[in-house]
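Heads up: the structure comes next, in structure tokens.
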There are 2 protein chains.
Amino acid sequence: MKIGQATIKDIARELNLSASTISRALKDYPGISEETKKKVKEVAEKMNYRPNAIALSLRKSRSFTIGVIIPEVVHFFFSTVISGIEEVAFSRGYNVILTQTNEKIEREKSSINTMLSNQIDGFMVSFSKETEDFEHFSKLIEQGYPIVFFDRVPDIPHAINVMVDDYQGAYDATSHLISQGYQKIVHLSGPKNLKISHERARGYTDALKNHGIPVRPEYIVESAVGTPDEGKEITKKLLSSLPDLPDAFFGNNDMAAVGAMLACKEHGLRVPEDVGIVGFSNWQFCSMIDPSLSSVFQPGFAMGAKATEVLLDIIEKKIDVDDFNSPIVLETELMVRNSSKRIFK
Amino acid sequence: MKIGQATIKDIARELNLSASTISRALKDYPGISEETKKKVKEVAEKMNYRPNAIALSLRKSRSFTIGVIIPEVVHFFFSTVISGIEEVAFSRGYNVILTQTNEKIEREKSSINTMLSNQIDGFMVSFSKETEDFEHFSKLIEQGYPIVFFDRVPDIPHAINVMVDDYQGAYDATSHLISQGYQKIVHLSGPKNLKISHERARGYTDALKNHGIPVRPEYIVESAVGTPDEGKEITKKLLSSLPDLPDAFFGNNDMAAVGAMLACKEHGLRVPEDVGIVGFSNWQFCSMIDPSLSSVFQPGFAMGAKATEVLLDIIEKKIDVDDFNSPIVLETELMVRNSSKRIFK
DNA sequence: TCAAGCTATTCAAACGTTTGCACTTTTTTC
DNA sequence: GAAAAAAGTGCAAACGTTTGAATAGCTTGA
């Protein structure tokens, strides 16, 4: 049978003291005699006293809990972000309550509501693919709720955004392919409503331009879902329909890239000899497949950690919301592997 | 500026009614006139009233929150479990607070403490590799805290365990290898203190025995960490030291199996012609690597969902703790892919 | 001797809900 | 037309904690 946790009142009764004295004694407040403090602490220990965080939250209107809203948990990149969030939150004494939206805006909204009900101290959000209207976030910001966006960030006033340098990552990846002698580079792009998709596409385009390679619209194809199957299908179609066969694929994510790789292999093309491939995100499997997949590393853990640091600093008023007029951008790193190495030294 | 959320008192003041009436009106309690109910609800709507879950928790000694303690978030299998947990919890109106132990028993214990402080309604636990003494869990069970273990389950009285049929999965995998003509099958086993490791090893051993193949102790090697690198190293050593070369590897997990595959390839062995390989867990990358990796599918999502159902049923007293005298076991499924297909039909 | 000044402690209200009970007021019943 | 029943609402306590203000019991000093 669950024994009701000992409370301050129980200790008070035991020692014939008032609740306030117990509270202060436990907190080492001045004005309590050393003797009393000692006794109180002993009894607390003996009774296995554990402060009731709920009561504390009610009193202080602070829950020491942050809410994380994420599209999917079963996603390598996001899981690394969660890990970073959890790590920092734990070390600073906060709880993390987690919900996934499964890319549905309705779940996003309802999660916000339950979290508000739960008096969360702040939000960390990466919004869903369905989200095109940011009204529900703007309202929160206006009302002064601490909220930090990561990875998928909105373009709205006063939003605090932590992101990866998608533009540079894509630029590097594309430049690398060019440097390896690939010229006809296809970009499998991401969903149109995500800023990260645009940034990556822009990096790709700029790299081509800066190397004097014409940008062909038919070489930019949307791979919105981001599964290997989708990438494979799209690539297959391209290979059988394009008059001028591409010699490289730059995927907006690793899944699409791996799909492209499979399609190329099936089409009898050798990777990297005939076709070069680079992905984005550097999922675990990149080094396990054959040929190993070059990819742009996104620092997910660091992103989660940094975003949480910022959120907690805001919550604790160590920094001011207005200090952020531009996003916090983390560096990517191109991991060159065999799928794009054509020039051997 | 954050506007203090409207409370029941605010509505009461607005309508010149008492807090109790508001509370009852909002809950459609009998004994409140339809007219009042209507007015109250309108005003609540207008003031954007949102019940304070913290106050409710304090009053009811129920937080509608469950605590999940998991070894790692960045782990395909566990992330699918979390997803299942989150899904069921959300649909039944519960929050999920998540902590990862990073395989450290100290974090496990301290997580339990903060969760207890937070008046969590119940626990879901998969313990760390370091955990060998289950005292801290036994105590919780004795005190009547609802707690459900999943995947890594303890062998202690009254524990409610949800697990996968590791024995059968391993048995199937090994039998499959035998049916494909492999005879000298190495098992890369898991950490010794996890029951799942024993079960998988037992399935492997029994399959050999039942097919009249002698079990050789030197063919069972511990791959405790479970990374591709470790699997690769171990396999390399085996290939260069064993006088009688093995012709198959059954990995306790996919990472070890992939390591074995890489080592075999480097050693000039062809997969599956010379060596057959089967993993365990069916991680996403299994179908993406070349050759694709056969693996035992573990229903992670279903496990998380089932475990949560049970936990919530216990919390809500829909079922009794004593109804569980044996673990809930979920079926595995062998996914045969190219890494172990030697007999072509 | 007594006001002043400490020290150690207690009181009481507050955070936002819920809920058993009591209290009005209205309606029904005979 | 008076008593009984019903309907609608309010009071107050409780959940566990914190905290400003109040109080009690000392010691000190002139």
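Letters A, B, ... are given to chains in the order of the sequence lines, protein chains preceding strands, and every chain is numbered from 1. This structure is a prediction, so every number in the text was calculated from the model and none was measured.
Under 4.0 Å is where a charged nitrogen must lie from a carboxylate oxygen, and between B/Glu14 and B/Lys39 no such pair does.
Remark: the backbone N or O of A/Lys129 is paired with a side-chain donor or acceptor of A/Glu103 at under 3.5 angstrom. Side chain of B/Glu108 to backbone of B/Phe127: no donor-acceptor contact under 3.5 angstrom is found.
The salt bridge (Lys or Arg N to Asp or Glu O under 4.0 Å) search around A/Lys318 returns A/Glu316, not counting sequence neighbours. In this structure B/Glu106 satisfies the salt bridge (Lys or Arg N to Asp or Glu O under 4.0 Å) test with no other residue, sequence neighbours excluded. Scanning for side chain to side chain contact (heavy atoms under 4.5 Å, CB included) contacts around B/Asp28 gives B/Lys37, B/Lys41, with sequence neighbours left out. Not counting sequence neighbours, the partners of B/Glu130 by the side chain to side chain contact (heavy atoms under 4.5 Å, CB included) test are B/Lys104, B/Ile105, B/Ser128. The side chain to side chain contact (heavy atoms under 4.5 Å, CB included) test applied to A/Thr80 returns A/Phe76, A/Phe77, B/Val74, not counting sequence neighbours. B/Asn118 meets the side chain to side chain donor-acceptor pair (under 3.5 Å) test with A/Asn95; sequence neighbours excluded.
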Distances for protein N/O vs nucleotides 20-27 of chain D N/O pairs under 3.5 angstrom?
unit_1 : atom_1 : unit_2  : atom_2 : d
D/dG20 : O6     : A/Arg24 : NH2    : 2.5

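Atom NE2 of A/His136 has more than 12 heavy atoms from other residues, nucleotides or ligands within 6.0 Å.
Note that the two end axes of the helix from C/dT1-D/dA30 to C/dC30-D/dG1 enclose an angle of 70°, each drawn from 5 base pairs, rounded to 10 degrees.
Note that the first and last nucleotides of DNA chain C, 5' to 3', having any atom under 4.0 angstrom from a heavy atom of chain B are C/dC15 to C/dG20.
Atom-to-atom, NZ of B/Lys37 to C1' of D/dA7 comes out at 12 Å; the value is rounded to the nearest Å. Straight-line distance from the CD1 atom of B/Ile22 to the P atom of D/dT9: 10 Å, rounded to whole Å.
For the segment residues 39-56 of chain B, residues with any heavy atom less than 4.0 angstrom from an atom of DNA chain C are, sorted by number, B/Tyr49, B/Arg50, B/Pro51, B/Asn52, B/Ala55.
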Name the atoms and distances for all side-chain donor-acceptor pairs under 3.5 Å in residues 45-56 of chain A, with sequence neighbours left out.
unit_1  : atom_1 : unit_2   : atom_2 : d
A/Arg50 : NH2    : B/Asn113 : OD1    : 3.2
A/Asn52 : OD1    : A/Ile54  : N      : 2.8
A/Asn52 : OD1    : A/Ala55  : N      : 3.0

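Proximity of A/Leu116 to A/Leu140: side-chain heavy atoms (C-beta onward) are separated by under 4.5 Å at one or more points.
The phosphate of D/dT9 (OP1 or OP2) has no side-chain N or O of B/Ser18 nearer than 4.0 angstrom.
Counting only residues at least two apart or on different chains, the salt bridge (Lys or Arg N to Asp or Glu O under 4.0 Å) pairs with a member in residues 57-85 of chain A are A/Arg62-A/Asp121.
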